[in-house]
Student: 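Got a structure for you, written out below as structure tokens; questions coming shortly.
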Number of protein chains: 2
Amino acid sequence: MIFSSKAEYGVRLMVELGRQSAEHPTSLKAIADAEGLPLAYLEQVVARLRKAGLVMSARGAHGGYWLARPATEIGMHEVVQALEGSIAPMECFIHEHTERVLCSHEPDAGQGCATKLLWTRVQGGIIRSLQMTTLAELVEFSRRAERVPTVAA
Amino acid sequence: MIFSSKAEYGVRLMVELGRQSAEHPTSLKAIADAEGLPLAYLEQVVARLRKAGLVMSARGAHGGYWLARPATEIGMHEVVQALEGSIAPMECFIHEHTERVLCSHEPDAGQGCATKLLWTRVQGGIIRSLQMTTLAELVEFSRRAERVPTVAA
DNA sequence: TCCATATCCTACCATGACGGTCGGGTTTTT
DNA sequence: AAAAACCCGACCGTCATGGTAGGATATGGA
């Protein structure tokens, strides 16, 4: 049970954007360098964030990305959802919207199997803890962690 | 982001054991048939539960498995932990106990990166929702779901 | 005693998702 | 026109996952 690295990278990227003023765009190159992440891969990651309307972009020289909204108004559940596709602890939760593909083991009556009760709670726990965290919080945290003396040499 | 099928199968298995009285052991074969799961694979799953001390076993004819404790005293976080190894939303959380393998991206100071704040909360959310659910609850739920009239034919 | 039933254990395997690269296209600034 | 950057799709190696195979060991019953 683990989130993919898309989530990790994407969150880092968002934090990095949050640290910049939203005036002039930040290039992916800059972020890739700052975080030590592969540029080409970041492109795929940021594409998801853009499609989800979380970041905006400008092409061409001096182009780049910036937050579509102030960081205080961005809940991390949106970010993770955009990156991860959907926040589902079990396969049968994914198709939720479409044609009710049920758990296969689920009795005909629907919404039956006992395990679903469990996974539903887990899903709730995950989503709640994501919702209660805003991007602004993470940005603030990273700002503070910044000036920690390492060796004071 | 998804739990492995080991978790799913294992939880089903535990529920099934919870439905049986803990007197006479239940064979894996019976459970595999009841749930429609591959026997050989279940063996691997149940091995983890046994090693974690959640179920006990008897070999030989009329052998099988039973709960090591009453279902009311089994928290689902124990079950999932046994099955899944550890409940960690991100790689760098796994080595926790061993030699402090840090996030690689984490600044030298340690406990630094902003994303860790997020994943820590998520982990908390998951564990809490698992802890608050006992096996007994799931067993009870499955008992009730049992007698749902499908067509009343 | 011998067979059926069952747990136990280890090795093996195929598929698919994941993390990542590559090449090229398009847009914009200088 | 050249550089900087976003954009897009195809490709690819590795590794965890889900599952199988085969056998060893233990136990109860005929």
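Each chain gets a letter, A, B and so on, in the order its sequence line appears, and its residues count up from 1. Model, not experiment: these values are computed from the prediction.
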Student: For nucleotides 8-15 of chain D, read 5' to 3', which letter fits each nucleotide if B means a protein heavy atom sits under 4.0 Å from the base, S means only the sugar-phosphate is that close, and - means neither?
Tutor: B-B-----
Student: To the nearest Å, how far apart are B:Leu39 CG and D:dG18 P?
Tutor: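 Interatomic distance, CG of B:Leu39 to P of D:dG18: 18 Å.
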Student: If I take atom CD1 in residue A:Ile2 and atom P in nucleotide D:dA16, what distance separates them, rounded to the nearest angstrom?
Tutor: 11 Å
Student: Identify each donor-acceptor pair in which a side-chain atom of residues 41-50 of chain A lies under 3.5 Å from a protein atom, sequence neighbours left out, and give them as a table.
Tutor:
from, atom 1, to, atom 2, distance (Å)
A:Arg48, NH1, A:Leu83, O, 2.8

Student: Between B:Glu8 (CD) and D:dG18 (P), how many Å, whole number?
Tutor: 11 Å
Student: Over how many whole Å does the gap from A:Leu83 atom CG to C:dA17 atom P extend?
Tutor: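 Value for this atom pair: 19 Å.
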Student: Where do A:Met90 and B:Ser4 come nearest, in terms of heavy atoms and distance?
Tutor: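 The pair with the smallest heavy-atom distance is CE-O, 3.5 Å.
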Student: Roughly how many Å is it from NE2 in A:His24 to C1' in D:dC6, rounded to a whole number?
Tutor: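 Computing the A:His24:NE2 to D:dC6:C1' distance gives 18 Å.
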Student: Can you figure out which of C:dT30, C:dG20, D:dT20 approaches the side chain of B:Tyr41 most closely?
Tutor: D:dT20
Student: Using a cut-off of strictly less than 4.0 Å between a heavy atom of the residue and any atom of DNA chain C, enumerate the qualifying residues of residues 52-60 of chain A by number.
Tutor: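 Within this stretch, A:Arg59, A:Gly60 sit under 4.0 Å of the strand.
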Student: Following the transitive rule for hydrophobic clusters with a side-chain heavy-atom cut-off under 4.5 Å over Ile, Leu, Val, Met, Phe, Trp and Tyr, establish whether A:Ile74 and A:Met56 coincide in one cluster.
Tutor: no
Student: Given a cutoff of under 4.5 Å between side-chain heavy atoms of I, L, V, M, F, W and Y, with clusters grown through shared members, what are the other residues clustered with A:Met132?
Tutor: none
Student: Just compare D:dA5, D:dG18, C:dT28 and give me whichever is closest to any side-chain atom of A:Ala61.
Tutor: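 Closest nucleotide among those given: C:dT28.
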Student: Return each pair, listed once, that meets side-chain hydrogen bond (donor to acceptor under 3.5 Å, both in side chains) where at least one residue sits in residues 65-76 of chain A; pairs must be two or more places apart or across chains.
Tutor: A:Arg69-A:Glu78
Student: Determine yes or no for a side-chain-to-main-chain donor-acceptor pair under 3.5 angstrom, with B:Gln131 supplying the side chain and B:Gly75 the backbone.
Tutor: no
Student: Let me check the geometry of the helix from C:dT1-D:dA30 to C:dT30-D:dA1. What is the bend angle between the axes at its two ends, five pairs each, to 10°?
Tutor: 0°
Student: Please determine if A:Arg12 and A:Glu8 form a salt bridge, counting it only when a charged side-chain N lies under 4.0 Å from a carboxylate O.
Tutor: yes
Student: What is the distance from CG of A:Leu42 to C1' of D:dC7, rounded to the nearest Å?
Tutor: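 That distance rounds to 14 Å.
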Student: Report yes or no: does A:Gln20 contribute a side-chain atom to a donor-acceptor pair with the main-chain N or O of A:Pro25 at less than 3.5 Å?
Tutor: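 No; zero donor-acceptor contacts below 3.5 Å.
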Student: Round to the nearest Å and state the distance from B:Tyr9 atom OH to D:dT17 atom P.
Tutor: 14 Å
Student: Taking the side chain from B:Thr134 and the backbone from B:Glu137, do they hold a donor-acceptor pair closer than 3.5 Å?
Tutor: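 Confirmed, B:Thr134 side chain pairs with B:Glu137 backbone.
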Student: Nearest whole angstrom, please: distance from the C1' of D:dA4 to the CG of A:Asp33.
Tutor: 14 Å
Student: Taking all non-hydrogen atoms of both residues into account, name the closest pair between B:Ser142 and B:Val15 and its distance.
Tutor: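 Of all heavy-atom pairs spanning B:Ser142 and B:Val15, the closest is OG-CG1, 3.9 Å.
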Student: Check A:Val122 against A:Pro89 and note the closest heavy-atom contact, atom names and distance.
Tutor: CG1-CB, 4.2 Å
